Amino acid sequence: MSGFLGKLSPTKRVAGNNDLPLFYVNQTSMEPQRCPTNAPRASATLAELLMNVEDARNDQTTTRRALEMASPLTSSASSFNSWTSAPASSVTSSPFVLSFNDLTYSVKIQKKFAPLAFCGRSSNDSAVNTKILLNGVSGEAHEGEMMAVLGASGSGKSTLIDALANRIAKDSLRGSITLNGEVLESSMQKVISAYVMQDDLLFPMLTVEETLMFSAEFRLPRSLSKKKKKARVQALIDQLGLRSAARTVIGDEGHRGVSGGERRRVSIGIDIIHDPIILFLDEPTSGLDSTSAYMVIKVLQRIAQSGSIVIMSIHQPSYRIMGLLDRLIFLSRGNTVYSGSPTHLPQFFQEFQHPIPENENKTEFALDLIRELENSAEGTKALVEFHKQWRAKQAPPSSYENNGNRNVNVSLKEAITASISRGKLVSGATNNNSSNLKPSFQTFANPFWIEMIVIGKRSILNSRRQPELFGMRLGAVMVTGIILATMFMKLDNSPKGVQERLGFFAFAMSTTFYTCAEAIPVFLQERYIFMRETAYNAYRRSSYVLSQSIISIPSLVFLAGSFAATTFWAVGLGGGASGFLFFFFTILASFWAGSSFVTFLSGVVSNVMLGFTVVVAILAYFLLFSGFFISRDRIPLYWIWFHYLSLVKYPYEGVLQNEFEDPTKCFVRGIQIFDNSPLGQVSDAVKLNLLKSMSGVLGINMTAETCVTTGIDILKQQGITDIGKWNCLWITAAWGFFFRILFYFTLLIGSKNKRR
């Protein structure tokens, strides 16, 4: 133990502000104790802490105790370089300060029922109202601090977090947001920040350790070895207090898993695996009991103390949580009614002539007073104005420009790169090996092929733990195949056999598309996970589409093979081995096109029930215009375009040609020409006499064995003469690729995850 603690500096600073007190770590109690303010500044990162943990892996009893400290400790240069494999920076890094000034955001609300123009007002004026969600909100958040945004429901808490996290379109938001005095570009913010949503969006069948490991493989560059990624995950598990739940699945309504507090900490962990400079959280304590909420905020405090800026919205913090917060912003209907330290809250309300009673929770009093003022006739206007005057009387804020620590020669990119060189940020950033450090930022941490492998591995693992999903689809295909095989058992080469074959092929081809409808919930369940991960460049959208497409193929091959083997020989279809292979590939192409079509629709429609309704309706139209109910030659011209858009048309025509392309195969002989007419009920002798009479009239000798209709004739009767069977197969497969491309563009356009 002493060997490991010998590497650790005895002091640390809670925040990156010179005015804040220093603490030292009591090695006996593991609690932070106050230290003289003139102690030297010692700032370290989570990466440095994790590096120390990895170096001390041989002493297992030391590791967990050090992680429970979870404080930004200074490590030696040699041990630090062993983690980052990067040279020491020659650039002095100054504390990061996120400043926002006069943020204003409003939305237009459309009335459901608006009258037309009355009294000279236009219908547009009466139908649209403008609601202000943020009204001139300003403030600062410092490195090493936690800033909380408080207010009643509808006060603008989440809107402010979204504005700071670049989740509101630039043309809709007025005001400025800067980091260390420089405007923060959207592309850079995605690299240096993370956003934790209010809802815990996690794969239910993955364990806590697996969830964090997949996040590490996405967010950490491939230059980091597998061993170091695992060490980082294990250290983070200890820091988050998840060791006892590391091998427990996340769980959902149908599967028991981790508790609500543990689930929330996992959600935080997957977004801090790369140790971001700025961390945004939308109500991280929502739905948690007081103990779980306190543990979550305690974890966030450790993250802030490791050198991050933590900004969160919180509904009503407890007394213990208030003791962990560094800065507060109270909002009321988009207006700032208080901003500053929690310690100044009693003085503020004392001067506002509403003193906080002794032994009463300060935040509860403030929120109750704000709610009371909101319900009054004058609202919170007086409190908003008083806050402006009170802030003006206070000492000037410790802005970045007035901070004595600032190195005026250091640009924001250089400051970030210097932080990277210390191991602070790993995702999407690289270090140069030269002595002169230059900023080097990558949009994504890994190349697309690595992203595809990780996405595929995660999807396969999640699917393997839910075998009932594939089992139900396989069961539906097999039941349908068995019913068709027994219903159309051993069809003969007669006029009735021809009609039965046409019915079999139409139903079989449409069934392959209908069974693909189960893919609708698959992406809809992952939709918000995908949006969260791609919003901050965990992976490319193209990697997701390609990976999901590739991993779906083996299951489609198995389904197609099962259906083809069940029906082909039982029904008595022709063509032998080559005919079976074509039938199999057509079924496979149909499954591929159908699953791609349904996947595309799931990217457009966000509701499961609505998605099923749309899929069933469109597939019914495809079957109607496929050429089975009415041949192509009989379809009206104004609907012929839909015939060529029908996904069922091409596999249906392909298998028909596969069955009837043999010119030597006869399906109607001699007296069988009367089978589909009223004469079909007369005796064979009468039919033979009729044939002799027809032979005399036509001048052709027709007997009972004369072939009247071949397979080619049947194809002509069905209007299947324009596209060959192999072209039908390629077109069916091409539809699948086309819908996958459309799915990519729906993700590209529809998953921006920004307010307008």
Side-chain angles (χ1 to χ4, degrees), residues 473 476-477 480-481 484 502-520 522-523 545 548-549 552-553 555-557 559-560 563-564 567 582-605 610-632 635-636 639-659 715 718-746:
R473 187 177 183 186
V477 171
T480 303
L484 290 176
L502 296 178
F504 166 78
F505 286 131
F507 192 87
M509 294 304 105
S510 60
T511 297
T512 59
F513 288 95
Y514 277 110
T515 55
C516 294
E518 60 83 29
I520 292 178
V522 174
F523 175 71
V545 174
Q548 293 294 334
S549 301
S552 68
I553 292 177
S555 62
L556 298 182
V557 171
L559 292 174
F563 185 81
T567 58
F582 184 86
F583 183 71
F584 161 74
F585 283 121
T586 301
I587 297 294
L588 176 59
S590 300
F591 275 126
W592 164 249
S595 64
S596 299
F597 172 69
V598 171
T599 301
F600 160 67
L601 284 183
S602 68
V604 177
V605 181
L610 180 60
F612 276 118
T613 302
V614 172
V615 167
V616 170
I618 294 179
L619 290 180
Y621 300 147
F622 284 164
L623 179 60
L624 175 63
F625 288 95
S626 64
F628 169 69
F629 295 101
I630 181 172
S631 65
R632 178 175 60 88
I635 296 177
W639 280 120
I640 197 66
W641 59 273
F642 208 123
H643 171 72
Y644 287 98
L645 290 180
S646 172
L647 295 183
V648 181
K649 161 188 166 63
Y650 300 99
Y652 174 67
E653 293 187 358
V655 292
L656 281 184
Q657 293 183 68
N658 187 55
E659 180 69 15
L715 295 177
Q718 298 297 316
I720 304 175
T721 57
D722 55 338
I723 304 175
K725 73 172 189 178
W726 288 104
N727 288 333
C728 288
L729 177 62
W730 305 137
I731 292 173
T732 305
W735 274 118
F737 288 103
F738 175 72
F739 284 118
R740 294 286 173 172
I741 295 172
L742 288 184
F743 177 56
Y744 167 72
F745 283 109
T746 60

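Just so you know, these numbers come straight off a predicted model, no measurement behind them.
Applying the side chain to side chain contact (heavy atoms under 4.5 Å, CB included) criterion to Leu729, with sequence neighbours excluded, gives Phe582, Phe585, Thr586, Ala589, Trp726. Not counting sequence neighbours, the partners of Arg632 by the salt bridge (Lys or Arg N to Asp or Glu O under 4.0 Å) test are Asp722. With sequence neighbours left out, the ring-ring contact (aromatic ring centres under 6.0 Å, His included) criterion links Tyr514 to no other residue. For Thr480, the side chain to side chain contact (heavy atoms under 4.5 Å, CB included) partners are Leu484, Phe507, Thr511, Phe563, not counting sequence neighbours. Residues passing the side-chain hydrogen bond (donor to acceptor under 3.5 Å, both in side chains) test with Ser596 are Arg740, sequence neighbours excluded.
The two residues Cys516 and Ser595 have their closest heavy-atom pair at SG-N, 3.5 Å.
Ring geometry, Phe738 versus Trp735: the interplanar angle exceeds 60°, so the pair is classed perpendicular (tilted spans 30 to 60°).
Put simply, OG on Ser646 and CD1 on Ile635 are 8.5 Å apart, with the number rounded to the nearest 0.5 Å. Within the model, atoms CD1 of Ile741 and OG1 of Thr746 stand 12.0 Å from one another, a figure rounded to the nearest 0.5 Å. Here the CD1-OH distance, from Ile731 to Tyr650, works out to 5.5 Å after rounding to the nearest 0.5 Å. Between Leu556 atom CG and Ile587 atom CD1 the span is 12.0 Å, to the nearest 0.5 Å. Taking NZ of Lys725 as the reference point, atom CD1 of Ile720 lies at 13.0 Å (rounded to 0.5 Å).
Put simply, the side chain of Pro651 reaches to within 4.5 Å of the side chain of Phe513, judged on heavy atoms. With a 4.5 Å cut-off on side-chain heavy atoms, Ser549 and Trp592 count as touching. Looking only at side-chain heavy atoms (C-beta outward), Leu715 and Leu656 come within less than 4.5 Å of each other.
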Please list, one pair per line, the donor and acceptor atoms closer than 3.5 Å that link side chains of residues 613-630 to other protein atoms, with sequence neighbours excluded.
residue	atom	partner	partner atom	Å
Thr613	OG1	Met609	O	2.9
Ser626	OG	Leu623	O	2.7

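For Phe597 and Phe739, the gap between ring centers is short of 6.0 Å.
Atom OH of Tyr644 has more than 12 heavy atoms from other residues, nucleotides or ligands within 6.0 Å.
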